[in-house]
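Worksheet for the structure shown next.
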Amino acid sequence: MSCEVDVLIVGSGFGGTLAALLCQRIGLRPLVVDAQSHPRFMIGESTTPLANLVLESLADKYQLPWLKPFANYTSWKQTSPQLDVGLKRGFSYFHHQRGEPFRPRTDHANELLVAASHGPDDADTHWLRADFDHFLVQQARRVDLPILEQTRITELTATGDRWTVTVVSEPACEPWTMNAGFIIDASGAGGFLTQALDLPVLTSSLLTHSRAILGHFRRVRPWQDVYTAAGGTVADHPFPCDQAALHHVFDGGWMYQLRFDSGITSAGFSLSDLQPTASPEVEWSRLLHDYPSIGAQFADAELISNQGRLIATQRLQRRIGQAAGPNWALLPTAAGIIDALHSTGNGHTLIGLERLITILEQHWRSPRLAPALAEYDRTLQAEIVMIDRIVAGCYRGFRDFPRMVAMSLFYFATAIWSELRLRSGQDLPTAFLCANEPELQAAIEQALAVIGRTDVSTTAVVAAIQQAIAPFNRADLGDPRRRNMYPYPK
Ligand SMILES: Cc1cc2nc3c(=O)[nH]c(=O)nc-3n(C[C@H](O)[C@H](O)[C@H](O)COP(=O)(O)OP(=O)(O)OC[C@H]3O[C@@H](n4cnc5c(N)ncnc54)[C@H](O)[C@@H]3O)c2cc1C
């Protein structure tokens, strides 16, 4: 058997399958291969206003009307109630001291809540990736897109300006070849092209160091229950703090919790100490013991993923030094992964995908394709570096919460700035979180230079970071009168 396609896409996560759907809309013939089959467990669930703006714009621009309702919690529930989803009103952060229960304060100095919506009608979502990715694959098959599961590429050869690819699909296991004009690597951490083309790996240039222990659970007690039982009052909270990407932060790491309507909670610890000291289960129990208020949430919890075993990763960070060539490109997660802090992954993937499809649409078979892809690479590199710098700065601030809050405002300021520019339709950002703006890059470096300094007071560090953010801060972030509580702007 052999076949000829325009674009071979490696990986059928949401990035790869959407890439195939969009390639078809611009008149190219794609084919997707994935080593696994759907439905399958996958992390990376929480979305953001930027991610959903881009999802909506892709649905409109490329006439995929069924895709548009997924950009919003209420429309998702109305159109696809069978697919599990979580309501995400914003981002919540709570700071914990080791060995002590969380003590709510009336000034909210150990909390940060940033709303990303006015209510469920314009709220973001958590995607249960098993459901969502499987649904996208089914939609792709409905329009006759070939998606080959349980399929591996065993050989890749450049033949002139095209690729000859040998693949093996289970259970037949008979090798066959295809010919492709372009390859999109949507294999995420699988790193297909990185290995096949021996691409340069620049992970050592990254400042963030973390690994994760994670799983899906049932019966995780809402944080708001534990918080109010400890005397906390939620009257100032701009949204229910569990309807969020909820972050528990502490010296050395943080935990995320994402709640789905089915009762599943996706939860994981990200830890800056890269060396495991015990099995994932023992480390998990120790962390719940060390942070007793988090432990109280998990007292009756049941782990339901991965046959009842926690998943432990190695170092999460990866940066590939070249993200595109004349007839190939990596999607953002194949080019770099930093950490789940602030949920940047899905928005970055969608923005990278939009940019790549525009390039293919405008320059397919034109001499402009290679320079446009070189620019795609440069932008992606700047984005990965910026996410790394913001996240690394936040990790440095975990010990001293006001510093972490100040640094995290770089994420919120640039996300809001990008959102405003996108919504206005003017001065459109050309990179995720405006990462290619030199003044912004310099401001982040300025903040990084002070955030960890123990010889400078926290007040002075926070003031210096806020001064660095000021030119990009369109939402009064950092105003002490807000007391770390940010409703969504009217
Ligand atoms: C711990 C953690 C938590 C995260 N949480 C969030 C979050 O809450 N919000 C957010 O926005 N982002 C999050 N992310 C990032 C998020 O996971 C990614 O943005 C997202 O998964 C990218 O989707 P994708 O389709 O590009 O790749 P993936 O989802 O990684 O899919 C890759 C696909 O490629 C296939 N594949 C891999 N190798 C090969 C190969 N050699 N041949 C064939 N197929 C292959 C795999 O089977 C898989 O189906 C998180 C990341 C981590 C590590």
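In each ligand, atom 1 is the first atom listed, and ligand 1 is the first ligand listed.
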Return yes if a side-chain donor-acceptor contact under 3.5 Å exists between Gln322 and Gln381, otherwise no.
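Side chains of Gln322 and Gln381: no pair found under 3.5 Å.
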
Closest approach of any protein heavy atom to [atom], naming residue and atom:
| atom | value |
| --- | --- |
| atom 39 (C) of ligand 1 | Ser187 CB, 3.8 Å |
| atom 27 (O) of ligand 1 | Ala186 O, 4.0 Å |
| atom 24 (P) of ligand 1 | Gly15 N, 4.0 Å |
| atom 22 (C) of ligand 1 | Thr333 OG1, 3.3 Å |
| atom 21 (O) of ligand 1 | Arg129 NH1, 2.9 Å |
| atom 9 (N) of ligand 1 | Ser46 O, 2.9 Å |
| atom 14 (N) of ligand 1 | Gly44 CA, 3.6 Å |
| atom 48 (C) of ligand 1 | Asp34 OD2, 3.4 Å |

Determine, using heavy atoms of Leu331 and all atoms of ligand 1, whether some pair is separated by less than 4.0 Å.
no

Kindly say whether [Y] contributes a backbone atom to a donor-acceptor pair with the side chain of [X] at under 3.5 angstrom?
| X | Y | answer |
| --- | --- | --- |
| Ser205 | Leu202 | yes |
| His95 | Tyr93 | no |
| Thr333 | Gly188 | no |
| His342 | Ala340 | no |
| Asp124 | Lys88 | no |
| Arg129 | Gly44 | yes |

Answer yes or no on whether Arg221 is positioned over the face of Trp223, meaning its NZ or CZ is under 6.0 Å from the six-membered ring centre and within 45° of the axis.
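No.
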
Between the candidates Gly13, Ala196, Gly11, Gly352, which shows the shortest non-hydrogen contact distance to atom 31 (O) of ligand 1?
Gly13

Minimum distance, heavy atoms only, to atom 45 (C) of ligand 1: which one of Gly190, Ala35, Ser270 is it?
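Looking at heavy atoms only, Ala35 sits closest to atom 45 (C) of ligand 1.
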
For [X], take its heavy atoms, then give the atoms of ligand 1 lying under 4.0 Å from any of them.
| X | answer |
| --- | --- |
| Val10 | 42 (N), 43 (C) |
| Leu316 | 53 (C) |
| Ala340 | 2 (C), 3 (C), 4 (C), 5 (N) |
| Thr349 | 19 (O), 22 (C), 26 (O) |

Judging by distance only, is a nitrogen or oxygen of Tyr256 under 3.5 angstrom from one on ligand 1?
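In fact, backbone or side chain, Tyr256 has no N or O that close.
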
Distance-only N or O hit between ligand 1 and Gly345, under 3.5 Å
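Yes, since at least one N or O of Gly345 sits under 3.5 Å from an N or O of ligand 1.
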
Using heavy atoms and a threshold below 4.0 Å, how should the contact between Arg152 and ligand 1 be classified: side chain, backbone, both, or neither?
neither

Within the 4.0 Å heavy-atom cut-off, what Arg40 brings close to ligand 1 is side chain

Name all residues meeting the salt bridge (charged side-chain N to carboxylate O under 4.0 Å, His left out) criterion together with Arg286; count only those two or more places apart in sequence or in a different chain, and write none if there are none.
none

Using the salt bridge (charged side-chain N to carboxylate O under 4.0 Å, His left out) criterion, which residues pair with Glu375? Sequence neighbours excluded.
Arg378

Ion pair present between Arg29 and Glu4, side-chain N to carboxylate O less than 4.0 angstrom?
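Result for this pair is no, no salt bridge flagged.
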
Report yes if the distance between the aromatic ring centroids of Phe269 and Trp254 is under 6.0 Å, otherwise no.
no

